[in-house]
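Numbers restart at 1 for each chain; the letters A, B, ... are given by sequence-line order, proteins then strands. Worth saying up front: this structure is predicted, and the values here are computed from it rather than measured.
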Amino acid sequence: MSMGQGRRRRWCGLACGVLLALLPACAPRPSGLEPPRLAVMLPPGERPFWEPIARAFERRHRGLVVDLVEGPQSTDLRENLYAASLLARDPTFDLVYMDVTWTAKFAAAGWLLPLEDRFAAEELARFLPEARAAGEYGGRLYRVPVRTDVGLLYHRRDLLERAGLAAPATFADLERNARALQSPPETWGFLWQGRQYEGLVCAFFEVLHGHGGFWVDPATLVVGLDRPEAEAALGFLVRCLRAQPISPPGTTTYQEEESRRLFQDGRAVFLRNWPYVWRLAQAEDSPVRGRLSAGPMPHVLGARPAATLGGWGLGVSAYGRQPALAVEFIRAATSLESQRALCAPTGYAPAREDAYADPALMAANPFLAELRRLHAHAVPRPALARYALASDILQRHLSAALAGTDAPGRALGRAARETRAMLGTAVAEAGPSR
Amino acid sequence: MSGAGLTRERTLLLFPALLLLALVVAVPILRVVQLGFHRVELDGGIALHWAGLEPYARLWQDGRWWGALRNTAVFTGASVALELVLGVAVALLLHERFRGRGLARALVMVPWALPTAIMALAWAWIFNDAFGVLNDLLGRLGLVRGPVAWLGGPGTAMLALVVADVWKTTPFVALIVLAGLQGIPEPVLEAARVDGLSAAQRFRRVLLPLLGPSLLVAVAFRAVQAYGAFDLPYVMTGGGPGGATETVSLYAYRNYFRYLDFGYGSAVAVQGALLAALLAAALMGLAGRRGRVRA
């Protein structure tokens with residue numbers, strides 16, 4: 001008897017232990033006690049400049065906490081963190097601070113709420129048209145732009161002036177001027193980003209459009225990579241590295257920062273990069289301070305210059321708990337006042353058109369006038385749900401051509417074939433499922 | 001209390017632990033296997049459609065997958081071979097008695113203790129063409145004319161990955177071999193010395209055969225680990241140039257997170273795991289046969 005009792009007691013203990021262990025998982029979330037909270041993940045460098053925007057919003061919405069989560073520095077890693085969270089339908093992030101290229105993927109996955117009904121037409125008309133259009137997918141708006149980016153060409157004005165040369169308008173000018181002014185390996189003619197990554201696609205995209213070519217037409221899904229314009233464009237980049245090079249051999253390993261450092265050290269005549277370089281290169285301790293000018297990337301005769309459109313904007317998570325408040329936050333974060341708070345100290349290009357007429361912003365960063373002009377050349381990368389795959393295909397084959405393991409024409413032929421295969425499946429997928 | 005009751009109670013007490021293991025290990029693995037038979041469509045949401053063996057058929061026609069497999073094989077073969085040679089050398093050195101041996105043993109472990117992503121970043125800067133230490137040293141020694149873009153060429157980029165991996169994981173091999181060395185009875189070596197064997201003969205005829213099991217353990221661990229290499233190529237080359245350093249793990253990861261293609265990504269992962277299991281089984285089979293031969 002006592003033995004049976006002991007066993008029963010042990011059974012009870014075990015059962016209680018298991019129940020206790022499971023208890024926290026079943027407890028209701030104390031949502032009534034916690035203040036409502038809006039969370040968004042930002043790049044670590046931007047967080048301080050979002051603080052005033054968040055605090056102002058909290059003051060207007062009593063009891064609300066805006067949680068600015070500091071994400072990793074790398075864009076890819078932040079995208080993955082957002083993707084992992086949204087895949088799990090996790091409500092952690094109410095807002096998604098997203099790069100232009102994420103829009104199609106996140107929208108197609110059903111992770112974002114459509115926003116066109118939440119904003120009045122005149123509100124949306126205040127943004128630069130290119131930046132606004134980059135937030136659309138399948139005819140709906142999923143992302144409201146906060147700041148924008150365009151690829152551009154930086155020049156060493158002092159070197160050009162001393163030699164009596166004008167800023168290059170065509171690729172032939174660029175090659176000629178670079179060759180005339182460089183003295184490698186101390187000073188190189190032309191720096192750009194040639195590592196196998198998204199930046200290579202951005203650099204190539206500008207050269208491609210500058211040659212009158214295109215990558216994928218998002219409306220018709222026609223692939224233009226095996227056309228003569230594309231081969232001429234890649235031929236130009238390969239020529240920069242071969243025979244009488246105007247770009248250093250390390251170009252095939254450079255991202256933005258490697259090329260920016262070399263240029264800022266005064267070791268190059270031209271640099272293809274983003275607007276952020278201007279502010280750093282004009283800093284007190286910069287060797288090239290006051291010796292720079294900037295303009296659009298060159299083009300061939302008969303084509304227009306092109307600037308790859310980048311930039312960041314806010315979307316509303318489909319799994320957040322406060323979609324209405326999240327929309328309000330976007331409205332506040334894209335006000336002229338917020339654009340001042342974010343762009344004046346950082347030098348970012350604002351997404352609102354009226355910000356370029358704002359005396360405070362223009363005084364803080366006179367370069368904005370040039371950036372506004374450059375937006376006329378902005379070209380968005382194709383808005384495809386599997387954009388990342390299209391980009392990886394292109395990156396691989398461009399990189400192979402630059403490394404010399406494949407001829408430009410052959411590399412682009414392969415890239416075109418693989419891109420068509422990928423879009424072919426995408427087209428079949430859009431139809432009725434088998 | 002009866003013995004049978006005790007056994008049942010034991011089983012019962014083990015149950016929560018087993019359940020936990022099943023939840024965190026078995027369920028995800030089964031889920032990946034199951035996902036591997038699906039096609040993923042992105043159209044206003046992520047939709048899974050049963051596709052049978054289609055993703056596996058796609059693997060066979062996917063040049064990028066074959067490339068990744070080849071890169072992984074080259075990386076694994078080269079790095080494990082070098083680590084084995086260097087690891088044995090380091091272990092023999094650390095087995096000798098000398099002043100400061102304790103300190104030396106501790107220092108040798110430092111690379112192994114560093115997080116891979118951080119040391120990969122450091123190596124990427126060492127191999128940088130304009131600011132890198134390597135080009136600076138080679139230039140001063142007059143061995144290279146002009147900077148070399150180590151990570152910019154397919155061959156040199158793979159070499160750089162192997163060097164970084166060897167630097168990091170040689171200590172691991174050395175540690176296992178050192179443990180093996182300490183397990184060899186002193187009289188055996190003494191006898192070999194008395195029999196007049198030279199140092200080289202002692203190493204080849206006595207030490208190496210006795211170290212066999214440790215070496216196989218080291219190789220098995222390292223081969224499977226190198227086969228799964230992800231962080232090193234992710235940080236140092238991003239799989240470039242031209243996809244020359246993209247490993248199977250990197251490719252699987254990109255299918256999951258970048259393309260949201262869980263079906264195909266799972267097929268890549270499952271196929272990769274099967275090949276790794278095959279590799280491990282082959283090595284273990286080798287170990288078993290050697291064991292029997294000696295017995």
Side-chain angles (χ1 to χ4, degrees), chain A residues 3 6-7 10-11 14 17-18 21 76 79-80 83-84 87 105 107-111 138 184-185 194-197 200 248-255 258 261-262 265 267 385-386 388-389 391-393 395-406 411 414 418 425-426 429-430 433-434, chain B residues 1-2 5 9 12-13 15-16 19-20 39-47 49 51 58 61-64 67 124 127-132 135 146-155 157 234-246 251 253-262:
Chain A
M3 211 161 66
R7 196 192 286 175
R10 238 175 265 150
W11 273 91
L14 189 65
V18 170
D76 271 355
E79 182 184 4
N80 292 343
L87 258 177
K105 169 176 164 182
W111 293 341
R195 179 176 151 132
Q196 185 185 332
Y197 83 122
L200 170 58
T251 303
T252 49
T253 65
Y254 291 169
Q255 302 190 42
E258 286 91 347
R261 277 164 205 257
L262 269 181
D265 281 353
R267 293 182 58 187
R386 290 238 162 90
L389 180 53
S391 169
D392 281 6
I393 289 170
Q395 285 171 32
R396 259 171 94 72
H397 294 294
L398 291 178
S399 172
L402 297 179
T405 50
D406 213 348
R414 285 177 216 263
E418 286 175 30
T425 33
E429 276 171 16
S433 28
R434 280 167 272 172
Chain B
M1 193 185 278
S2 70
E9 197 172 333
L12 213 73
L13 282 168
F15 182 72
L19 187 74
L20 192 71
R39 187 160 34 84
V40 175
E41 292 174 5
L42 266 183
D43 188 22
I46 299 168
H49 296 267
R58 201 175 134 193
Q61 296 155 7
D62 184 352
R64 191 169 163 196
F127 284 112
N128 179 291
D129 67 314
F131 302 102
N135 275 340
V148 180
W150 294 98
L151 299 175
Y234 182 86
V235 174
M236 279 180 72
T237 61
T245 56
E246 186 171 64
Y251 188 36
Y253 160 86
R254 285 182 168 153
N255 271 295
Y256 275 112
F257 283 96
R258 276 175 67 71
Y259 320 148
L260 298 180
D261 196 342
F262 306 101

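Between chain A and the options T237(B), L151(B), V148(B), the largest number of non-hydrogen pairs under 4.5 Å is found for T237(B). Ranked by heavy-atom pairs under 4.5 Å with chain B, the list A388(A), G194(A), A403(A), G110(A) is led by A388(A). Chain B forms more heavy-atom pairs under 4.5 Å with one residue of T405(A), L398(A), I393(A), D392(A) than with any other, namely D392(A).
For the pair F262(B) and I46(B), the minimum side-chain heavy-atom distance is below 4.5 Å.
Only the side chain of Q395(A) comes within contact range of chain B, with at least one heavy atom under 4.5 Å from a heavy atom of that chain. Heavy-atom distances place the side chain of L87(A), and not its backbone, under 4.5 Å from chain B. Only the side chain of R195(A) comes within contact range of chain B, with heavy atoms under 4.5 Å apart. Proximity to chain A is limited to the side chain of R254(B), based on heavy atoms less than 4.5 angstrom apart.
The backbone N or O of N255(B) sits nowhere less than 3.5 Å from a side-chain atom of D261(B) that would complete a donor-acceptor pair. S399(A) places no side-chain N or O within 3.5 Å of a backbone atom of R396(A) that could act as its donor or acceptor partner.
Applying the side-chain contact (heavy atoms from CB on, under 4.5 Å) test to F131(B) and every residue at least two apart in sequence or in another chain returns R261(A), L262(A), D265(A), W125(B), N128(B). Partners of Y253(B) under the ring-ring contact (aromatic ring centres under 6.0 Å, His included) rule, at least two apart in sequence or in another chain, are F230(B), Y234(B), F257(B).
Looking at E79(A) and K105(A), a side-chain N of the basic residue comes within less than 4.0 Å of a carboxylate O on the acidic one, giving a salt bridge.
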